[in-house]
Amino acid sequence: MTGAARGLGLAVATALHGLGHRVLAGVRDERDGARVAAGLGWDAVPLVLDVTDAASVARAARAAGPVDVVVNNAGVQLDWGTRPSSVALDAVADTFAVNLFGAWRVSQAFVPGMVERGWGRIVMVSSGAGSFTHGIAPQCAGYSVSKAALNALTATLGAELVGTGVLVNAVNPGLVRTRMRPDAPQSPEEAAKAVVHAALLPDDGPTGVLLRRGAVIGW
């Protein structure tokens with residue numbers, strides 16, 4: 001999984017590891033990887049990758065070997081408190097580089113192996129701010145639009161992979177108390193439950209949808 005160094009990503013990695021799954025903790029810094037792997041314990045492996053760098057992702061995919069579940073958790077919010085009419089587009093581009101293209105790049109690296117083996121789960125960590133049903137957030141337009149685009153990627157990739165044994169879903173974990181939102185009411189451990197649910201869906205589970213607390217919700 002990506003973004004495993006702290007917050008929600010670390011909580012998801014911890015939960016999956018606690019259920020007996022071998023966890024590849026995707027981090028950008030080797031020292032963070034060593035710390036996370038040591039904290040998780042047996043059979044946890046640090047995987048150094050930068051989701052914005054194609055060569056880095058390719059190296060990580062080769063090092064990882066067969067992977068059954070990918071959790072695209074790496075994300076940034078760089079434009080809080082701005083307006084769509086004046087937000088710096090460089091910040092929006094940097095947001096898309098991680099939130100959309102990073103998840104897309106990582107998914108492309110691992111989907112072929114999943115299809116070949118006939119089983120896999122791709123989980124996109126999305127946001128209510130990227131849902132038209134919930135309400136696109138104008139105070140962080142770049143982040144919000146990037147998550148709406150991530151939801152669209154989920155739907156299209158899910159449609160492509162119907163019948164392959166690979167399920168692709170997005171999760172809206174709600175507001176999570178992390179470095180991005182230190183004032184949020186929900187702990188990473190609480191929010192991780194929804195992500196783990198999507199990562200371990202049964203073979204007849206949904207695909208190409210947005211989930212909130214295990215239920216399908218509107219885009």
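Here the structure is a predicted model, which is why all the values come from computation and not from measurement. Along the sequence shown, residues are numbered consecutively beginning with 1.
Val115 places a side-chain heavy atom less than 4.5 Å from the side chain of Leu161. Counting heavy atoms from C-beta outward, Val51 and Arg105 have side chains that stay 4.5 Å or more apart. Counting heavy atoms from C-beta on, the side chains of Asn169 and Val171 never come closer than 4.5 Å.
Applying the salt bridge (charged side-chain N to carboxylate O under 4.0 Å, His left out) test to pairs two or more places apart or on separate chains, none has a residue in residues 74-85. Annotation: ring-ring contact (aromatic ring centres under 6.0 Å, His included) contacts involving residues 147-170, sequence neighbours excluded, are absent. Among residue pairs with one or both ends in residues 10-27, those qualifying as salt bridge (charged side-chain N to carboxylate O under 4.0 Å, His left out) are Arg22-Asp43; sequence neighbours excluded.
To the nearest 0.5 Å, the span separating CG on Leu16 from CG on Leu24 amounts to 11.0 Å. Put simply, CD on Glu190 and CG on Leu8 are 11.5 Å apart, with the number rounded to the nearest 0.5 Å. Atom CG of residue Asn99 and atom CG of residue Leu153 lie 12.0 Å apart, to the nearest 0.5 angstrom. Asp50 CG to Asp29 CG: the interatomic distance, rounded to the nearest 0.5 Å, is 11.5 Å. Note that the CE atom of Met124 and the OG1 atom of Thr154 stand 4.5 Å from one another [nearest 0.5 Å].
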Less than 3.5 Å apart, which donor and acceptor atoms pair up between the side chains of residues 62-74 and the rest of the protein, not counting sequence neighbours?
unit_1, atom_1, unit_2, atom_2, d
Asn72, ND2, Ser107, OG, 3.0
Asn73, ND2, Thr2, O, 3.4
Asn73, ND2, Gly3, O, 2.9

Review item, side-chain donor-acceptor pairs of residues 126-137, under 3.5 Å, at least two apart:
unit_1, atom_1, unit_2, atom_2, d
Ser126, OG, Asn151, OD1, 2.7
Ser127, OG, Ala129, N, 3.0
Ser131, OG, Thr133, N, 3.2
Ser131, OG, His134, N, 3.0
Ser131, OG, Gly218, O, 3.2
Ser131, OG, Trp219, O, 3.1
His134, ND1, Gly128, O, 3.3

Show which side-chain atoms of residues 191-203 pair as donor or acceptor with protein atoms under 3.5 Å away, not counting sequence neighbours.
unit_1, atom_1, unit_2, atom_2, d
Asp203, OD1, Trp119, NE1, 2.8
Asp203, OD1, Arg121, NH2, 3.0

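Within a 6.0 Å radius of CD in Glu116, other residues, nucleotides and ligands contribute 12 heavy atoms or fewer. In the displayed structure, Arg31 atom CZ is contacted under 6.0 Å by at most 12 heavy atoms of other residues, nucleotides or ligands.
Residues satisfying the ring pair (Phe, Tyr, Trp, His ring centres under 6.0 Å) test with His21, not counting sequence neighbours, are none. Annotation: side chain to side chain donor-acceptor pair (under 3.5 Å) contacts of Arg35 (sequence neighbours excluded): Asp32. Qualifying side chain to side chain contact (heavy atoms under 4.5 Å, CB included) partners for Ala55, counting only residues two or more places apart in sequence or in other chains: Asp53, Arg59. Contacts of Val92 classified as side chain to side chain contact (heavy atoms under 4.5 Å, CB included), with partners at least two apart in sequence or in another chain: Val87, Leu89, Phe96. Partners of Ala60 by side chain to side chain contact (heavy atoms under 4.5 Å, CB included), not counting sequence neighbours, listed by chain and number: Leu47, Leu49.
In terms of hydrophobic clustering, with Ile, Leu, Val, Met, Phe, Trp and Tyr side chains grouped at heavy-atom distances under 4.5 Å, Val106 and Val48 are assigned to different clusters. Linking Ile, Leu, Val, Met, Phe, Trp and Tyr whenever their side-chain heavy atoms come within less than 4.5 Å leaves Leu157 and Val162 in two separate clusters. Leu167 is not connected to Ile217 by any chain of hydrophobic side-chain contacts under 4.5 Å among Ile, Leu, Val, Met, Phe, Trp and Tyr, and they are in different clusters.
For Ala44 against Pro46, the heavy-atom pair with the smallest separation is O-CD, 4.1 Å. Of all heavy-atom pairs spanning Val57 and Ala109, the tightest one is CG1-CB, 3.8 Å. Of all heavy-atom pairs between Leu150 and Ala103, the closest is CD1-CB, 3.7 Å.
Other members of a hydrophobic cluster containing Trp42 are absent, since no ILVMFWY side chain comes under 4.5 Å of it, directly or through relayed contacts.
Between the side chain of Thr95 and the main chain of Ala91, a donor-acceptor pair closer than 3.5 Å is present. Listed for the Ser146 side chain is a donor-acceptor partner under 3.5 Å among the backbone atoms of Tyr143.
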Apply side-chain contact (heavy atoms from CB on, under 4.5 Å) to Val111 and Glu160, showing your working.
-> CA-CA 11 Å; Val111 159; Glu160 175 193 344; 5.8 Å; no

Show your working on side-chain contact (heavy atoms from CB on, under 4.5 Å) between Leu210 and Val216 and close with a plain yes or no.
-> CA-CA 6 Å; Leu210 177 61; Val216 178; over 6 Å; no

